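In what follows, a single structure is set out as C-alpha coordinates and then discussed.
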Amino acid sequence: MENFIAYAGVAILALMLPIMYRIIAGPTAIDRIVAVNVIGTKTAVLLIIIGMIFERVEMFVDFALTYALLNFIGSIAAARFLNRVNPTKSFTAMEAEESKE
Amino acid sequence: MIIDTISICLICIGIVFFIGGAVGILRFPDFYTRMHAAGKGDTCSMFLILLGLGLYQLHEPTLANFLVFGKIMFITIFIMVTSPTSTHALIKAGFEEGIKMWTRNGEKKGNVK
Amino acid sequence: MYRLVIFLLLFGIWIIFSGQFDYFHLSLGLISCGIITAISSSFFFSNRSKSFGTRLGELMRLPGYSFWLLWQIILSNVHILKMALTPGEIKELDPSLVRIKTNLKTDFGKYALANSITLTPGTITIEIDGDEMLIHSISKHTAKGVKDDTMERKVARVFEGGGQ
(Lines give C-alpha, C1' and ligand atoms only; values in the text may rest on other atoms or scores of the structure.)
Protein backbone atom coordinates (compact mmCIF):
# COMPACT_ATOMS: atom_id res chain seq x y z
CA MET A 1 0.00 0.00 0.00
CA GLU A 2 2.89 2.37 0.78
CA ASN A 3 4.29 1.53 -2.63
CA PHE A 4 0.97 2.32 -4.27
CA ILE A 5 0.84 5.73 -2.61
CA ALA A 6 4.39 6.47 -3.77
CA TYR A 7 3.43 5.49 -7.33
CA ALA A 8 0.38 7.74 -7.16
CA GLY A 9 2.62 10.62 -6.12
CA VAL A 10 4.96 9.95 -9.04
CA ALA A 11 1.97 9.85 -11.41
CA ILE A 12 0.71 13.21 -10.15
CA LEU A 13 4.20 14.66 -10.49
CA ALA A 14 4.47 13.33 -14.06
CA LEU A 15 1.09 14.81 -14.96
CA MET A 16 2.26 18.21 -13.78
CA LEU A 17 4.72 18.35 -16.69
CA PRO A 18 2.13 19.01 -19.46
CA ILE A 19 0.67 21.77 -17.31
CA MET A 20 4.20 23.13 -16.93
CA TYR A 21 4.29 23.36 -20.72
CA ARG A 22 1.22 25.59 -20.54
CA ILE A 23 3.02 27.85 -18.09
CA ILE A 24 5.96 28.24 -20.43
CA ALA A 25 4.07 28.49 -23.73
CA GLY A 26 0.74 30.00 -22.65
CA PRO A 27 -0.23 32.77 -25.01
CA THR A 28 -1.65 35.11 -22.38
CA ALA A 29 -0.77 35.91 -18.80
CA ILE A 30 -4.01 34.50 -17.41
CA ASP A 31 -3.37 31.13 -19.05
CA ARG A 32 -0.19 30.96 -17.02
CA ILE A 33 -1.95 31.94 -13.82
CA VAL A 34 -4.58 29.24 -14.36
CA ALA A 35 -1.89 26.63 -14.89
CA VAL A 36 -0.07 27.76 -11.74
CA ASN A 37 -3.35 27.49 -9.85
CA VAL A 38 -3.89 23.90 -10.99
CA ILE A 39 -0.32 22.96 -10.07
CA GLY A 40 -0.80 24.58 -6.67
CA THR A 41 -3.87 22.49 -5.86
CA LYS A 42 -2.04 19.36 -6.88
CA THR A 43 0.94 20.34 -4.74
CA ALA A 44 -1.32 20.37 -1.68
CA VAL A 45 -2.28 16.77 -2.52
CA LEU A 46 1.36 15.89 -3.11
CA LEU A 47 2.36 17.28 0.30
CA ILE A 48 -0.07 14.90 2.02
CA ILE A 49 1.34 12.01 -0.03
CA ILE A 50 4.88 12.99 1.02
CA GLY A 51 3.69 13.04 4.65
CA MET A 52 2.27 9.53 4.28
CA ILE A 53 5.51 8.22 2.82
CA PHE A 54 7.56 9.69 5.67
CA GLU A 55 4.85 8.75 8.25
CA ARG A 56 4.52 12.30 9.53
CA VAL A 57 1.03 13.08 8.17
CA GLU A 58 -0.03 15.10 11.20
CA MET A 59 2.74 17.58 10.39
CA PHE A 60 2.45 17.69 6.61
CA VAL A 61 -1.32 18.12 6.64
CA ASP A 62 -0.83 21.56 8.14
CA PHE A 63 1.56 22.46 5.34
CA ALA A 64 -1.01 21.29 2.81
CA LEU A 65 -3.72 23.41 4.41
CA THR A 66 -1.51 26.49 4.38
CA TYR A 67 -0.55 25.83 0.79
CA ALA A 68 -4.19 25.55 -0.30
CA LEU A 69 -5.02 28.82 1.46
CA LEU A 70 -2.09 30.66 -0.09
CA ASN A 71 -2.96 29.26 -3.51
CA PHE A 72 -6.51 30.58 -3.30
CA ILE A 73 -5.40 34.00 -2.05
CA GLY A 74 -2.73 34.19 -4.73
CA SER A 75 -5.10 33.45 -7.61
CA ILE A 76 -7.69 35.92 -6.30
CA ALA A 77 -4.99 38.58 -5.97
CA ALA A 78 -3.76 37.93 -9.52
CA ALA A 79 -7.31 38.15 -10.87
CA ARG A 80 -7.90 41.42 -9.02
CA PHE A 81 -4.64 42.84 -10.33
CA LEU A 82 -5.45 42.01 -13.94
CA ASN A 83 -8.96 43.36 -13.45
CA ARG A 84 -7.63 46.67 -12.24
CA VAL A 85 -5.62 47.22 -15.39
CA ASN A 86 -8.80 47.28 -17.49
CA PRO A 87 -11.52 48.39 -15.13
CA THR A 88 -14.38 49.63 -17.29
CA LYS A 89 -15.36 46.99 -19.80
CA SER A 90 -18.75 45.37 -19.99
CA PHE A 91 -20.01 42.41 -21.93
CA THR A 92 -22.52 44.37 -24.01
CA ALA A 93 -20.10 44.89 -26.91
CA MET A 94 -19.52 41.19 -27.35
CA GLU A 95 -23.23 40.40 -27.20
CA ALA A 96 -24.11 43.06 -29.75
CA GLU A 97 -21.60 41.51 -32.09
CA GLU A 98 -23.13 38.07 -31.53
CA SER A 99 -26.70 39.17 -32.18
CA LYS A 100 -25.66 40.87 -35.42
CA GLU A 101 -24.97 37.56 -37.10
CA MET B 1 -8.73 -4.49 3.80
CA ILE B 2 -12.00 -3.17 2.41
CA ILE B 3 -10.99 0.40 3.28
CA ASP B 4 -7.67 -0.07 1.48
CA THR B 5 -9.42 -1.33 -1.66
CA ILE B 6 -11.87 1.57 -1.63
CA SER B 7 -9.09 4.12 -1.22
CA ILE B 8 -7.03 2.55 -4.03
CA CYS B 9 -10.08 2.76 -6.32
CA LEU B 10 -10.74 6.41 -5.36
CA ILE B 11 -7.11 7.45 -5.94
CA CYS B 12 -7.04 5.69 -9.33
CA ILE B 13 -10.26 7.38 -10.49
CA GLY B 14 -8.89 10.72 -9.27
CA ILE B 15 -5.70 10.28 -11.28
CA VAL B 16 -7.72 9.35 -14.39
CA PHE B 17 -9.74 12.55 -14.04
CA PHE B 18 -6.53 14.48 -13.53
CA ILE B 19 -5.25 13.04 -16.82
CA GLY B 20 -8.43 14.40 -18.43
CA GLY B 21 -7.83 17.84 -16.94
CA ALA B 22 -4.16 17.94 -17.93
CA VAL B 23 -4.82 16.81 -21.51
CA GLY B 24 -7.65 19.31 -21.72
CA ILE B 25 -5.43 22.15 -20.55
CA LEU B 26 -2.92 21.13 -23.18
CA ARG B 27 -5.31 20.55 -26.10
CA PHE B 28 -8.27 22.92 -25.91
CA PRO B 29 -8.12 25.81 -28.34
CA ASP B 30 -8.67 28.94 -26.26
CA PHE B 31 -8.56 30.37 -22.78
CA TYR B 32 -12.23 29.83 -21.90
CA THR B 33 -12.35 26.16 -22.85
CA ARG B 34 -9.07 25.58 -21.04
CA MET B 35 -10.70 27.12 -18.01
CA HIS B 36 -13.42 24.42 -18.19
CA ALA B 37 -10.79 21.69 -18.04
CA ALA B 38 -8.80 23.41 -15.31
CA GLY B 39 -11.67 24.28 -12.99
CA LYS B 40 -13.56 21.02 -13.17
CA GLY B 41 -10.82 18.45 -13.56
CA ASP B 42 -8.91 20.06 -10.75
CA THR B 43 -11.76 20.10 -8.24
CA CYS B 44 -12.94 16.57 -8.82
CA SER B 45 -9.56 14.85 -9.00
CA MET B 46 -8.41 16.66 -5.86
CA PHE B 47 -11.58 15.62 -4.05
CA LEU B 48 -11.27 11.94 -4.99
CA ILE B 49 -7.55 11.65 -4.24
CA LEU B 50 -7.84 13.37 -0.87
CA LEU B 51 -10.86 11.25 0.05
CA GLY B 52 -8.88 8.14 -0.78
CA LEU B 53 -5.88 9.27 1.26
CA GLY B 54 -8.10 10.21 4.20
CA LEU B 55 -9.83 6.82 4.17
CA TYR B 56 -6.47 5.08 4.01
CA GLN B 57 -5.50 7.05 7.10
CA LEU B 58 -8.43 5.44 8.94
CA HIS B 59 -7.19 1.85 8.57
CA GLU B 60 -6.18 1.78 12.22
CA PRO B 61 -8.78 3.83 14.07
CA THR B 62 -6.97 5.82 16.74
CA LEU B 63 -7.83 9.34 17.89
CA ALA B 64 -4.81 10.93 16.17
CA ASN B 65 -5.78 9.30 12.88
CA PHE B 66 -9.32 10.61 13.22
CA LEU B 67 -7.95 14.12 13.76
CA VAL B 68 -5.80 13.81 10.63
CA PHE B 69 -8.85 12.55 8.73
CA GLY B 70 -10.78 15.60 9.97
CA LYS B 71 -8.04 17.95 8.79
CA ILE B 72 -7.89 16.30 5.36
CA MET B 73 -11.67 16.64 5.05
CA PHE B 74 -11.36 20.29 6.06
CA ILE B 75 -8.83 20.88 3.25
CA THR B 76 -11.15 19.06 0.84
CA ILE B 77 -14.19 21.14 1.71
CA PHE B 78 -12.11 24.30 1.63
CA ILE B 79 -10.83 23.60 -1.88
CA MET B 80 -14.31 22.48 -3.04
CA VAL B 81 -15.74 25.85 -2.01
CA THR B 82 -12.88 28.05 -3.16
CA SER B 83 -11.96 26.41 -6.47
CA PRO B 84 -15.10 27.52 -8.36
CA THR B 85 -14.69 30.96 -6.82
CA SER B 86 -11.15 31.38 -8.09
CA THR B 87 -12.15 29.92 -11.47
CA HIS B 88 -14.89 32.53 -11.65
CA ALA B 89 -12.52 35.36 -10.63
CA LEU B 90 -9.90 34.35 -13.19
CA ILE B 91 -12.33 33.87 -16.07
CA LYS B 92 -13.91 37.23 -15.30
CA ALA B 93 -10.49 38.89 -15.28
CA GLY B 94 -9.71 37.27 -18.62
CA PHE B 95 -13.08 38.27 -20.05
CA GLU B 96 -12.68 41.90 -19.09
CA GLU B 97 -9.15 41.86 -20.40
CA GLY B 98 -10.72 41.12 -23.80
CA ILE B 99 -9.19 37.74 -24.56
CA LYS B 100 -10.45 36.38 -27.89
CA MET B 101 -12.98 33.58 -27.91
CA TRP B 102 -12.68 30.58 -30.20
CA THR B 103 -15.87 29.62 -32.06
CA ARG B 104 -16.83 26.87 -34.44
CA ASN B 105 -16.82 28.91 -37.63
CA GLY B 106 -13.14 29.65 -37.21
CA GLU B 107 -13.32 33.33 -36.42
CA LYS B 108 -12.40 34.81 -33.14
CA LYS B 109 -14.39 37.37 -31.26
CA GLY B 110 -13.18 39.22 -28.22
CA ASN B 111 -14.62 41.62 -25.75
CA VAL B 112 -13.50 44.66 -27.72
CA LYS B 113 -14.97 48.06 -27.14
CA MET C 1 -27.23 33.37 20.58
CA TYR C 2 -25.28 33.84 17.36
CA ARG C 3 -22.15 34.62 19.38
CA LEU C 4 -22.45 31.29 21.17
CA VAL C 5 -22.82 29.42 17.86
CA ILE C 6 -19.79 31.19 16.38
CA PHE C 7 -17.77 30.47 19.50
CA LEU C 8 -18.60 26.77 19.42
CA LEU C 9 -17.79 26.59 15.71
CA LEU C 10 -14.40 28.23 16.21
CA PHE C 11 -13.64 26.03 19.20
CA GLY C 12 -14.41 22.90 17.23
CA ILE C 13 -12.02 24.02 14.49
CA TRP C 14 -9.41 24.74 17.19
CA ILE C 15 -9.72 21.23 18.61
CA ILE C 16 -9.39 19.64 15.16
CA PHE C 17 -6.32 21.71 14.32
CA SER C 18 -4.44 21.57 17.60
CA GLY C 19 -5.06 17.89 18.37
CA GLN C 20 -3.90 18.25 21.97
CA PHE C 21 -6.16 17.83 24.96
CA ASP C 22 -4.13 19.04 27.95
CA TYR C 23 -5.37 22.00 30.00
CA PHE C 24 -2.77 24.42 28.64
CA HIS C 25 -3.79 24.07 24.99
CA LEU C 26 -7.51 23.98 25.73
CA SER C 27 -7.31 27.18 27.75
CA LEU C 28 -5.28 28.87 25.01
CA GLY C 29 -8.03 27.86 22.58
CA LEU C 30 -10.74 29.19 24.86
CA ILE C 31 -8.99 32.56 25.21
CA SER C 32 -8.27 33.04 21.50
CA CYS C 33 -11.74 31.91 20.37
CA GLY C 34 -13.26 34.30 22.93
CA ILE C 35 -11.20 37.22 21.60
CA ILE C 36 -12.07 36.45 17.98
CA THR C 37 -15.78 36.12 18.82
CA ALA C 38 -15.73 39.44 20.69
CA ILE C 39 -13.94 41.32 17.91
CA SER C 40 -15.31 39.94 14.68
CA SER C 41 -18.56 38.08 15.30
CA SER C 42 -20.37 40.47 12.96
CA PHE C 43 -18.53 38.98 9.96
CA PHE C 44 -20.48 35.73 10.09
CA PHE C 45 -24.21 35.29 9.41
CA SER C 46 -24.83 38.70 7.89
CA ASN C 47 -28.61 38.24 7.71
CA ARG C 48 -29.72 37.76 11.30
CA SER C 49 -33.44 38.26 10.78
CA LYS C 50 -33.91 34.59 9.97
CA SER C 51 -35.20 32.47 12.81
CA PHE C 52 -33.19 29.63 14.19
CA GLY C 53 -35.61 27.05 12.78
CA THR C 54 -35.03 28.25 9.22
CA ARG C 55 -31.29 27.90 9.68
CA LEU C 56 -31.75 24.39 11.01
CA GLY C 57 -33.93 23.57 8.02
CA GLU C 58 -31.24 24.83 5.63
CA LEU C 59 -28.69 22.71 7.43
CA MET C 60 -30.94 19.65 7.15
CA ARG C 61 -31.49 20.09 3.41
CA LEU C 62 -27.82 20.79 2.66
CA PRO C 63 -26.55 17.15 2.52
CA GLY C 64 -29.04 16.08 -0.14
CA TYR C 65 -28.11 19.04 -2.28
CA SER C 66 -24.39 18.42 -1.90
CA PHE C 67 -24.71 14.75 -2.85
CA TRP C 68 -26.61 15.78 -5.98
CA LEU C 69 -23.87 18.34 -6.70
CA LEU C 70 -21.18 15.70 -6.20
CA TRP C 71 -22.87 13.47 -8.77
CA GLN C 72 -23.02 16.42 -11.19
CA ILE C 73 -19.30 17.09 -10.64
CA ILE C 74 -18.45 13.49 -11.51
CA LEU C 75 -20.67 13.69 -14.63
CA SER C 76 -18.95 16.89 -15.73
CA ASN C 77 -15.54 15.32 -15.28
CA VAL C 78 -16.53 12.34 -17.39
CA HIS C 79 -17.69 14.86 -20.00
CA ILE C 80 -14.36 16.73 -19.93
CA LEU C 81 -12.42 13.45 -20.01
CA LYS C 82 -14.38 12.18 -23.00
CA MET C 83 -13.87 15.45 -24.82
CA ALA C 84 -10.16 15.71 -24.03
CA LEU C 85 -9.36 12.17 -25.11
CA THR C 86 -11.18 12.35 -28.45
CA PRO C 87 -8.59 11.59 -31.12
CA GLY C 88 -8.10 14.13 -33.86
CA GLU C 89 -10.29 17.18 -34.09
CA ILE C 90 -12.69 17.68 -31.18
CA LYS C 91 -16.11 17.63 -32.87
CA GLU C 92 -18.23 18.47 -29.88
CA LEU C 93 -16.48 21.74 -29.11
CA ASP C 94 -18.74 24.65 -29.99
CA PRO C 95 -18.44 27.42 -27.42
CA SER C 96 -21.05 30.11 -27.03
CA LEU C 97 -22.23 32.70 -24.53
CA VAL C 98 -25.61 32.28 -22.85
CA ARG C 99 -27.42 34.75 -20.67
CA ILE C 100 -29.98 33.64 -18.09
CA LYS C 101 -32.16 35.37 -15.52
CA THR C 102 -32.50 34.14 -11.98
CA ASN C 103 -35.29 34.63 -9.51
CA LEU C 104 -33.04 34.20 -6.49
CA LYS C 105 -33.09 37.11 -4.07
CA THR C 106 -30.27 36.67 -1.61
CA ASP C 107 -26.59 37.14 -2.40
CA PHE C 108 -25.68 33.80 -0.93
CA GLY C 109 -28.29 32.06 -3.08
CA LYS C 110 -26.83 33.66 -6.19
CA TYR C 111 -23.34 32.68 -5.12
CA ALA C 112 -24.43 29.08 -4.58
CA LEU C 113 -26.18 28.99 -7.96
CA ALA C 114 -23.11 30.42 -9.72
CA ASN C 115 -20.83 27.87 -8.09
CA SER C 116 -23.22 25.06 -8.96
CA ILE C 117 -23.37 26.19 -12.59
CA THR C 118 -19.58 26.25 -12.69
CA LEU C 119 -19.39 22.71 -11.38
CA THR C 120 -22.03 21.12 -13.62
CA PRO C 121 -21.11 19.78 -17.09
CA GLY C 122 -19.91 22.21 -19.71
CA THR C 123 -20.82 25.59 -18.23
CA ILE C 124 -18.95 28.32 -16.36
CA THR C 125 -20.42 31.49 -14.89
CA ILE C 126 -18.49 34.52 -16.10
CA GLU C 127 -20.37 37.40 -14.56
CA ILE C 128 -23.25 38.06 -12.19
CA ASP C 129 -24.92 41.37 -12.90
CA GLY C 130 -27.96 42.02 -10.71
CA ASP C 131 -30.26 39.11 -11.51
CA GLU C 132 -28.64 38.22 -14.84
CA MET C 133 -25.84 35.75 -15.30
CA LEU C 134 -23.48 35.46 -18.24
CA ILE C 135 -22.50 31.87 -18.88
CA HIS C 136 -19.84 30.41 -21.12
CA SER C 137 -20.95 27.06 -22.44
CA ILE C 138 -18.68 24.59 -24.16
CA SER C 139 -21.10 22.98 -26.63
CA LYS C 140 -24.56 23.43 -28.12
CA HIS C 141 -25.96 20.63 -26.00
CA THR C 142 -24.91 22.12 -22.67
CA ALA C 143 -26.06 25.57 -23.76
CA LYS C 144 -29.55 24.12 -24.07
CA GLY C 145 -29.25 22.37 -20.75
CA VAL C 146 -28.43 25.48 -18.76
CA LYS C 147 -31.63 27.20 -19.75
CA ASP C 148 -33.98 24.91 -17.88
CA ASP C 149 -34.27 25.83 -14.24
CA THR C 150 -34.01 22.56 -12.30
CA MET C 151 -30.86 23.68 -10.57
CA GLU C 152 -32.27 27.06 -9.70
CA ARG C 153 -35.29 25.45 -8.07
CA LYS C 154 -33.03 23.12 -6.11
CA VAL C 155 -30.91 26.03 -4.86
CA ALA C 156 -34.03 28.02 -3.99
CA ARG C 157 -35.46 25.11 -2.04
CA VAL C 158 -32.28 24.77 0.02
CA PHE C 159 -31.23 28.34 0.67
CA GLU C 160 -34.40 30.38 0.42
CA GLY C 161 -36.89 28.21 2.19
CA GLY C 162 -38.74 27.00 -0.90
CA GLY C 163 -40.45 30.35 -1.42
CA GLN C 164 -40.38 30.02 -5.19
Side-chain angles (χ1 to χ4, degrees), chain A residues 1 4-5 8 11-12 14-19 21-22 26-31 33-35 37-38 40-42 44-45 48-49 51-52 57-58 61-62 64-65 67-69 71-94 97-98 101, chain B residues 4 7-8 11-12 14-15 18-19 21-23 25-26 30-31 34-35 37-39 41-43 45-46 49-50 52-54 56-57 59 64-65 67-68 71-72 74-75 78-79 82-83 85-101 103 105 109-113:
Chain A
M1 189 66 195
F4 172 75
I5 285 181
I12 291 175
L15 279 171
M16 278 181 186
L17 292 177
I19 304 176
Y21 168 78
R22 187 50 73 196
T28 61
I30 302 183
D31 273 313
I33 295 170
V34 172
N37 195 6
V38 172
T41 317
K42 285 298 170 292
V45 176
I48 293 180
I49 289 180
M52 285 194 167
V57 198
E58 70 281 359
V61 89
D62 293 340
L65 182 66
Y67 205 89
L69 253 164
N71 187 32
F72 173 61
I73 294 171
S75 64
I76 291 288
R80 280 295 125 205
F81 172 71
L82 286 169
N83 237 348
R84 207 195 51 191
V85 179
N86 262 329
T88 55
K89 285 198 173 169
S90 66
F91 53 82
T92 41
M94 200 165 179
E97 201 178 321
E98 268 214 338
E101 291 173 3
Chain B
D4 281 9
S7 65
I8 286 179
I11 293 174
C12 284
I15 288 177
F18 186 35
I19 292 175
V23 174
I25 289 176
L26 209 60
D30 74 335
F31 165 69
R34 258 176 240 143
M35 208 68 212
D42 205 26
T43 316
S45 61
M46 184 278 320
I49 295 174
L50 280 188
L53 289 176
Y56 171 65
Q57 197 61 29
H59 69 297
N65 279 347
L67 282 174
V68 170
K71 277 186 199 174
I72 292 178
F74 191 86
I75 297 175
F78 179 78
I79 297 182
T82 57
S83 173
T85 314
S86 62
T87 305
H88 171 68
L90 284 171
I91 202 171
K92 195 178 173 210
F95 186 73
E96 295 189 348
E97 186 97 327
I99 292 179
K100 300 265 194 298
M101 193 176 133
T103 49
N105 37 13
K109 294 179 284 188
N111 183 25
V112 252
K113 272 242 160 171

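Numbered from 1 within each chain, the chains take letters A, B, ... in sequence-line order. These numbers were taken from a predicted model, which means no experiment stands behind them.
Considering all non-hydrogen atoms of both residues, A:Ser75 and B:Leu90 come closest at O-CD2, 4.1 Å. Between A:Pro18 and B:Leu26 the shortest heavy-atom distance is O-CD1, 3.4 Å. Here the closest non-hydrogen pair linking B:Ser45 and B:Gly14 is CB-O, 3.2 Å. Annotation for A:Val34 and B:Ala38: closest pair CG1-CB, 3.6 Å, computed over non-hydrogen atoms.
The part of A:Ile5 that comes within reach of chain B is its side chain, from C-beta onward, which places non-hydrogen atoms under 4.5 angstrom from that chain. Proximity to chain B (any heavy atom under 4.5 Å) is restricted, for A:Ala11, to the side chain, taken from C-beta onward. Interface remark: B:Phe31 contributes backbone and side-chain atoms alike to the contact with chain A (heavy atom separation under 4.5 Å). Using a 4.5 Å cut-off between heavy atoms, B:Ile25 touches chain A through backbone and side chain atoms alike. For a residue to count as touching a neighbouring chain, one of its non-hydrogen atoms must lie under 4.5 Å from one of that chain's; by this rule B:Leu50 touches chain A with the side chain only. Proximity to chain B is limited to the side chain of A:Thr28, based on heavy atoms less than 4.5 angstrom apart. For B:Ile8, the parts sitting under 4.5 Å from any heavy atom of chain A are the backbone and the side chain alike.
Side-chain contact check for A:Val61 versus B:Phe74: every heavy-atom pair is 4.5 Å or farther apart. Side-chain contact between A:Lys42 and B:Asp42: present, with at least one pair of heavy atoms (C-beta onward) separated by less than 4.5 Å.
Of the listed residues A:Asp31, A:Ile48, A:Val45, the one with more heavy-atom pairs under 4.5 angstrom with chain B than any other is A:Asp31. Considering only heavy-atom pairs separated by less than 4.5 Å from chain B, the leading option among A:Glu58, A:Met16, A:Met52 is A:Met52. For the set A:Leu17, A:Ile76, A:Ile12, the count of heavy-atom pairs under 4.5 angstrom toward chain B peaks at A:Ile12. Note: B:Thr82 leads B:Ile91, B:Ile11, B:Val68, B:Thr82 in heavy-atom pairs under 4.5 Å with chain A.
Scored by the salt bridge (Lys or Arg N to Asp or Glu O under 4.0 Å) test, A:Asp62 finds B:Lys71 as partners (sequence neighbours excluded). Not counting sequence neighbours, A:Phe4 has no partner by the ring-ring contact (aromatic ring centres under 6.0 Å, His included) test.
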